[in-house]
There are 2 protein chains.
Amino acid sequence: MSLYETVREELLRRVRNGTYACDTLLPSVATLSEEFGVSPITVKRALRDLRAAGVLVTIRGKGAYVKKQVRILRQLDMRMHSLHGTDISLISVTREKISDPSMVSLAPPDQMMLCVRKVISSDGAPFLYDASYLSSNVEDEIVDEFGRNFIVDALRKREIRIVKTEIVVEAFPATGKAAEIFDVPNGFPMLRRNYKMVTTDANITIYGVVQAPFDRLACSIDFPTLAMEI
Amino acid sequence: MSLYETVREELLRRVRNGTYACDTLLPSVATLSEEFGVSPITVKRALRDLRAAGVLVTIRGKGAYVKKQVRILRQLDMRMHSLHGTDISLISVTREKISDPSMVSLAPPDQMMLCVRKVISSDGAPFLYDASYLSSNVEDEIVDEFGRNFIVDALRKREIRIVKTEIVVEAFPATGKAAEIFDVPNGFPMLRRNYKMVTTDANITIYGVVQAPFDRLACSIDFPTLAMEI
DNA sequence: GAGTGGTCTAGACCACCCT
DNA sequence: GGGTGGTCTAGACCACTCC
């Protein structure tokens, strides 16, 4: 094992066993490099890995803090609004085609669609980034509701029900945009859920993408009677 | 944007638009550092990020190759054996307690259990790492079958059916062991599925973990009539 | 101004591949 | 032996925080 890996594993061990407690400041790079007898740059590299793994958060001019681990576990068939202390923040409403390559498995239509992007926060920290696409010919009034509410809620007001849902769940490394919104380093492991919802209104089929950092969200699913693989 | 980020994004752009095609060798670090007018170390750092993002694979003494993207999409309620060209390789059969912290949300029992670990490969490349736990008092003969077959198959031979399944899906960064099996760098984004299966045999409840690199596996789920959140 | 981490560079050494 | 990438170091500069 290389030097920086050894340092990284030792620091990780100290975080896990509580030597470096939650929300506390780690010793400075200079101190650690002395203690381990390695160059400061090697310590920095170890810290960089730990940051990328969600173990630490570093603040320029201050130091490295042990990241608090609070992960939200969501049931996939649970309604969104049942979460406490969540806050919806509208990012943008645009007209565009679905170009996200991760959506291809849901075979989206190749036409201009209405796109509503929002960020959902819990206790001030964003934990979900949602982009949902609707047929461009939806009435303008409904757009406003979509920005402030969850889609199913907005649809229900108009007595539109969801008939069928397809979901694809995958992990992926954070890229520029998602990394910025969640304030995580590039390459940070993320969870993505692509969805397609068919409604009782033949004109309205909803496509979308929800993203979240791996350490803030996990999904749970229950199958009452289905036989499962592995 | 920092220098190495600029280099990284430009290289990524070239991979995406086909300038550097799949399975081809990139120019050497020395060449790239000349072209971009930066230090070789800065290029190396950019390459390191791209390796961590699953874009490149580097081989010592040869160079950096563009990684082929072949992701398997699996339906969560699809039976495993329906996949073509898959191969099961038994890693170990042990008796141990469930200590994986990612399992706590499924509330596993705190007792010695039988643990069967296997790797499932497709076309020679491992894409699934499964660890499944059973009550330790299961008959010895069944253990052998578990190593060679998928659990549901082994159970069905004994006319045991699955009554209920709970699943938790999450992303996480690859650590030492998983990184080794799949030959991915530390911190590589992975997809994990924790499961709990209740069977018709009151003595047999199965717990387990399936892991896969983000670029080799995604899960899909269909809900015929359920109303979904966001 | 002193201390912190983030970045970039130059130079060195090593392990590995190919010829 | 010459080329490749991986690692480690020393030194420098910058941006930031805190006193």
Side-chain angles (χ1 to χ4, degrees), chain A residues 1-12 14-15 20 23-67 174 176 179-180 183-188, chain B residues 1-12 14-15 20 23-67 174 176 179-180 183-188:
Chain A
M1 191 183 292
S2 60
L3 248 185
Y4 78 91
E5 284 177 313
T6 310
V7 175
R8 185 226 295 151
E9 293 310 306
E10 172 58 21
L11 292 176
L12 181 59
R14 293 184 186 177
V15 170
Y20 300 146
D23 280 330
T24 59
L25 194 58
L26 258 68
S28 74
V29 169
T31 310
L32 290 173
S33 88
E34 239 181 83
E35 182 197 333
F36 287 108
V38 300
S39 133
I41 300 173
T42 303
V43 173
K44 286 181 184 179
R45 181 154 185 188
L47 292 182
R48 185 170 190 250
D49 276 14
L50 292 173
R51 210 181 335 140
V55 177
L56 302 178
V57 176
T58 59
I59 304 177
R60 285 170 91 111
K62 298 185 77 174
Y65 291 89
V66 179
K67 198 169 180 179
E180 186 188 329
D183 190 31
V184 295
N186 196 284
F188 195 82
Chain B
M1 192 183 291
S2 59
L3 248 184
Y4 78 92
E5 284 177 313
T6 310
V7 174
R8 185 225 296 151
E9 293 309 308
E10 171 58 20
L11 292 177
L12 182 58
R14 294 184 187 178
V15 170
Y20 299 146
D23 279 329
T24 59
L25 194 58
L26 259 69
S28 75
V29 169
T31 310
L32 289 172
S33 89
E34 239 182 84
E35 182 197 332
F36 288 108
V38 300
S39 133
I41 299 174
T42 303
V43 173
K44 286 182 184 179
R45 181 152 184 188
L47 292 181
R48 185 170 188 250
D49 275 13
L50 292 173
R51 209 181 337 136
V55 177
L56 303 177
V57 176
T58 59
I59 304 178
R60 285 170 92 110
K62 298 185 76 173
Y65 291 88
V66 179
K67 197 169 181 179
E180 186 188 327
D183 190 30
V184 295
N186 196 284
F188 195 83

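Naming convention: chains lettered A, B, ... in sequence-line order (proteins, then strands); numbering from 1 in each chain. Values below: all heavy atoms of this structure, side chains included; hydrogens, waters and symmetry mates excluded. Bear in mind the structure is a predicted one, so any value in this text is a computation, not a measurement.
Atom CD of B:E180 has 12 or fewer neighbouring heavy atoms from other residues, nucleotides or ligands inside a 6.0 Å radius. Enclosure of atom CD in B:E10 by more than 12 non-hydrogen atoms of other residues, nucleotides or ligands within 6.0 angstrom is indicated. In the displayed structure, B:E35 atom CD is contacted under 6.0 Å by more than 12 heavy atoms of other residues, nucleotides or ligands.
Taking CZ of B:R8 as the reference point, atom CG of B:L12 lies at 8.5 Å (rounded to 0.5 Å). Interatomic distance, B:M1 CE to A:N186 CG, rounded to the nearest 0.5 Å: 8.5 Å.
The NZ-C1' distance, from B:K44 to D:dT4, rounds to 9 Å in whole Å. Atom CG in A:L25 sits about 14 Å away from atom C1' in D:dC16, given to the nearest Å.
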**OP:** Output, in order, the C-alpha distance, side-chain angles, deciding distance and verdict of side chain to side chain contact (heavy atoms under 4.5 Å, CB included) for A:T58 and A:L26.
**Re:** CA-CA 10 Å; A:T58 59; A:L26 258 68; over 6 Å; no
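Interface limits on DNA chain C: the 5'-most and 3'-most nucleotides within less than 4.0 Å of chain B heavy atoms are C:dT7 to C:dC18.
Counting heavy atoms from C-beta on, the side chains of A:V38 and A:Y4 never come closer than 4.5 Å. Looking only at side-chain heavy atoms (C-beta outward), A:L3 and A:F36 stay at 4.5 Å or farther from each other.
In plain terms, the two heavy atoms of B:P185 and B:A174 that are nearest each other are O-CB, 4.1 Å.
Checking B:L47, B:D49, B:V15 one by one against B:V55, the side-chain contact (heavy atoms from CB on, under 4.5 Å) holds for a single residue, B:V15.
Taking every heavy atom of residues 53-66 of chain A and every atom of DNA chain C, pairs under 4.0 Å involve A:T58, A:R60, A:G61, A:K62, A:G63, by number.
In this structure, B:R45 reaches the sugar-phosphate backbone alone: every heavy-atom distance under 4.0 Å involves primed, P, OP1 or OP2 atoms, never a base. B:I41 comes within 4.0 angstrom of a nucleotide base, judged by non-hydrogen atoms across all strands.
Within the helix from C:dG1-D:dC18 to C:dC18-D:dG1, the inter-axis angle between the opening and closing five-pair segments is 0°, rounded to 10°.
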